[in-house]
Amino acid sequence: MNDLQSVRALYDDPPAPSARAVAAARLRMTGGPRRVPGRRRRVLPFALGLTAAATATAATAALLPGGDSARPAPSPRAMPPEAVLLAAATTAEREPASGRYWFSRRILGSHSAVKDRDYLVDRRVERETWIPTSGREHAWTIERPLGGRPLDEAAWRRDGSPRSWRLIARIGDALNSGPTETGNAPPGAGEGVPVSAEPGERYAVPESLRPGWFGHLGPVQVTPGSLRRLPGDPAGLRAYMEQVIRRMEKGGHRRFPVGGPEHGWLMYSFTLRLLTDLPAGPAVRAAAFRVLATLPGVVSRGQVTDPRGRRGQALAMRVPRYFAEPGGERRIVVDPATGRLLAVQDVVTQPDPRYRERPGQLVLYSVILEARWTDAVPDLPKKRHMVDKDGNPRKPACGRC
């Protein structure tokens with residue numbers, strides 16, 4: 001029986017097995033931990049973090065602060081996390097396994113407060129990523145600012161219907177790869193992030209000045225070749241990520257015991273990175289979904305609508321205090337009908353008054369429009385950064401750059 005058949009069995013009429021029985025059986029088959037029947041999963045307090053960065057230190061620094069909050073009740077339409085994730089695993093392993101490039105297209109956005117005003121603005125950037133399998137070609141990021149739009153039209157009209165704003169946000173100018181305020185000024189002390197309602201020009205930036213591509217999974221450097229060699233089964237992938245966690249511990253972090261909230265968060269972060277940012281193959285992506293299905297602390301938030309208006313099931317985990325002050329959670333949104341990952345969202349549950357936040361505010365979100373292997377090549381715009389007069393990436397200034 002495949003994962004999709006297992007998921008369908010969750011909703012058959014009696015005498016089909018219960019959802020818990022089917023999920024537990026499937027998790028035992030895939031190497032996951034056994035659960036005691038009838039034991040309720042503990043819902044952890046909430047916390048908030050941004051997308052995993054290139055290194056463990058950078059990832060820790062990027063997490064967002066906040067405080068504890070009451071626990072929101074799951075929607076009546078909530079599906080068991082295991083059902084959603086196993087359906088996603090079945091979809092992932094059926095995807096094409098090869099191509100000249102790993103291509104992804106997404107909308108990155110953030111809901112931020114307008115400085116000295118009482119409403120939020122949604123600022124967005126469309127981003128394409130082209131990662132080659134060959135070490136002789138360059139990896140490219142192509143971006144197009146989509147402009148900002150007010151989320152409260154009435155408040156915006158009372159403000160005189162401006163076409164530009166100064167925004168106050170935890171993430172600063174991260175959407176534009178630059179700092180918001182320098183020095184040690186308190187939040188909101190500066191002028192804020194300038195954002196226009198008008199869309200910007202499309203431009204390209206090489207991922208590196210050298211051909212080829214490499215990324216990071218925690219402190220471990222990865223390439224398309226090394227990602228293809230990752231275990232394609234959940235037990236093997238879990239063991240690999242345990243090794244990554246041990247390397248973090250040796251690099252100066254404290255111990256992250258198995259079963260603890262920090263350990264669970266790292267496993268959650270690493271699997272999401274494999275699913276959203278790294279050019280992993282279908283077997284590894286499927287295994288990552290199956291690992292997610294075994295993690296304690298993953299809870300259902302029921303049916304939601306992503307920023308593109310697509311409906312899906314939301315699953316969430318909080319960020320522990322070690323990585324950030326509590327205050328929200330990271331959610332993934334999965335379409336249960338297709339098993340496709342639609343979005344990743346950092347959601348406020350305990351507002352930070354320094355940023356005039358509100359419960360449910362999306363501090364940062366990533367809407368996934370496409371993610372696949374392709375033999376197509378990037379259509380690079382004329383506007384490019386870090387290139388020579390011919391439009392090619394500049395040569396590194398030093399031998400090890």
Side-chain angles (χ1 to χ4, degrees), residues 2-4 30-31 51-52 54 85-107 126-143 204-218 220-241 243-244 270-293 332 334-335 337-344 366-380 392-393:
N2 63 29
D3 290 326
L4 192 55
T30 57
T51 304
L85 294 167
L86 293 179
T90 297
T91 297
E93 64 189 356
R94 292 175 178 171
E95 294 173 347
S98 63
R100 185 174 172 181
Y101 284 88
W102 171 257
F103 167 71
S104 67
R105 185 170 67 93
R106 65 186 71 189
I107 304 294
E126 181 179 31
R127 176 177 296 171
E128 296 180 17
T129 303
W130 294 81
I131 298 176
T133 55
S134 169
R136 296 184 298 273
E137 298 179 278
H138 284 87
W140 290 90
T141 294
I142 302 173
E143 292 189 345
V205 182
E207 290 276 319
S208 170
L209 296 181
R210 293 189 177 278
W213 175 89
F214 71 88
H216 287 85
L217 188 64
V220 178
Q221 182 174 297
V222 294
T223 65
S226 66
L227 289 170
R228 284 195 294 269
R229 293 190 294 272
L230 288 182
D233 64 281
L237 186 61
R238 175 186 284 271
Y240 172 81
M241 292 191 291
Q243 295 176 7
V244 175
F270 293 160
T271 51
L272 289 188
R273 185 137 171 80
L274 285 169
L275 292 170
T276 60
D277 297 323
L278 300 180
V284 174
R285 290 171 59 80
F289 277 118
R290 291 177 178 126
V291 170
L292 279 177
I332 61 174
V334 179
D335 182 346
T338 65
R340 295 198 177 278
L341 182 61
L342 301 180
V344 181
S366 175
V367 176
I368 301 167
L369 304 178
E370 297 181 76
R372 55 186 170 83
W373 291 98
T374 179
D375 287 323
V377 297
D379 178 19
L380 299 176
N392 300 314

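In this chain, residues are counted from 1 in sequence order. Every heavy atom of this structure was used, including side-chain atoms; hydrogens, water molecules and symmetry mates were not. All figures in this text were calculated on a predicted structure; none of them were measured in a lab.
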Undergrad: Is any side-chain heavy atom of P234 closer than 4.5 Å to one of L237?
TA: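 No - every pair of side-chain heavy atoms lies 4.5 Å or more apart.
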
Undergrad: Do T374 and W130 have side-chain heavy atoms sitting under 4.5 Å apart?
TA: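 The answer is yes; the side chains approach within 4.5 Å.
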
Undergrad: Listed by chain and number, what are the side-chain hydrogen bond (donor to acceptor under 3.5 Å, both in side chains) partners of T338, not counting sequence neighbours?
TA: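 Listed in chain order: D335.
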
Undergrad: Do you know the tightest heavy-atom contact between P224 and T133?
TA: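 Of all heavy-atom pairs spanning P224 and T133, the closest is CB-CA, 4.3 Å.
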
Undergrad: Carefully, step by step, assess L217 and Y240 under the rule side-chain contact (heavy atoms from CB on, under 4.5 Å).
TA: CA-CA 11 Å; L217 188 64; Y240 172 81; 3.7 Å; yes

Undergrad: Looking at every heavy atom in both V244 and G218, which two are closest together, and how far apart are they?
TA: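 Result for this residue pair: CG1-CA, 4.5 Å.
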
Undergrad: Just to verify, which of L341, L275, L342 counts as forming a side chain to side chain contact (heavy atoms under 4.5 Å, CB included) with I332?
TA: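 Going through L341, L275, L342 one by one, the side chain to side chain contact (heavy atoms under 4.5 Å, CB included) with I332 is satisfied by L341 alone.
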
Undergrad: R105: which residues meet the side-chain hydrogen bond (donor to acceptor under 3.5 Å, both in side chains) condition with it, sequence neighbours left out?
TA: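 With neighbours one apart ignored, the set is E126, E370.
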
Undergrad: To the nearest 0.5 Å, what is the distance between CG on D379 and CH2 on W140?
TA: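 With rounding to 0.5 Å, CG (D379) is 12.0 Å from CH2 (W140).
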
Undergrad: Which pair of heavy atoms, one from L274 and one from A280, lies closest together, and at what distance?
TA: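 What the structure gives for the nearest pair is O-CB, 4.0 Å.
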
Undergrad: Which heavy atom of R100 sits nearest to which heavy atom of E137, and what is that distance?
TA: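 In terms of heavy atoms, the two residues are closest at NH2-OE2, 2.6 Å.
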
Undergrad: For a quick test of reading the model, state the closest non-hydrogen atom pair linking Y101 to H138 and the distance between them.
TA: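 That would be CE2-O, 4.0 Å.
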
Undergrad: Please name the pair of heavy atoms, one in L209 and one in P393, separated by the smallest distance, quoted to 0.1 Å.
TA: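 Smallest interatomic distance, heavy atoms only, reads O-CB, 4.2 Å.
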
Undergrad: For the pair L278 and W213, evaluate side-chain contact (heavy atoms from CB on, under 4.5 Å) and give the outcome as yes or no after the intermediate values.
TA: CA-CA 11 Å; L278 300 180; W213 175 89; 3.7 Å; yes

Undergrad: Are P279 and W373 close enough that some pair of their side-chain heavy atoms sits under 4.5 Å apart?
TA: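 Answer yes - side chains close enough.
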
Undergrad: Are T271 and M241 side-chain neighbours, meaning at least one heavy-atom pair lies under 4.5 Å?
TA: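 A side-chain contact exists here, since the closest heavy-atom pair is under 4.5 Å.
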
Undergrad: Return yes if some donor-acceptor pair links the side-chain N/O of R106 with the main-chain N/O of T276 below 3.5 Å, else return no.
TA: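 Indeed, once roles are kept as given, a pair shorter than 3.5 Å links the two residues.
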
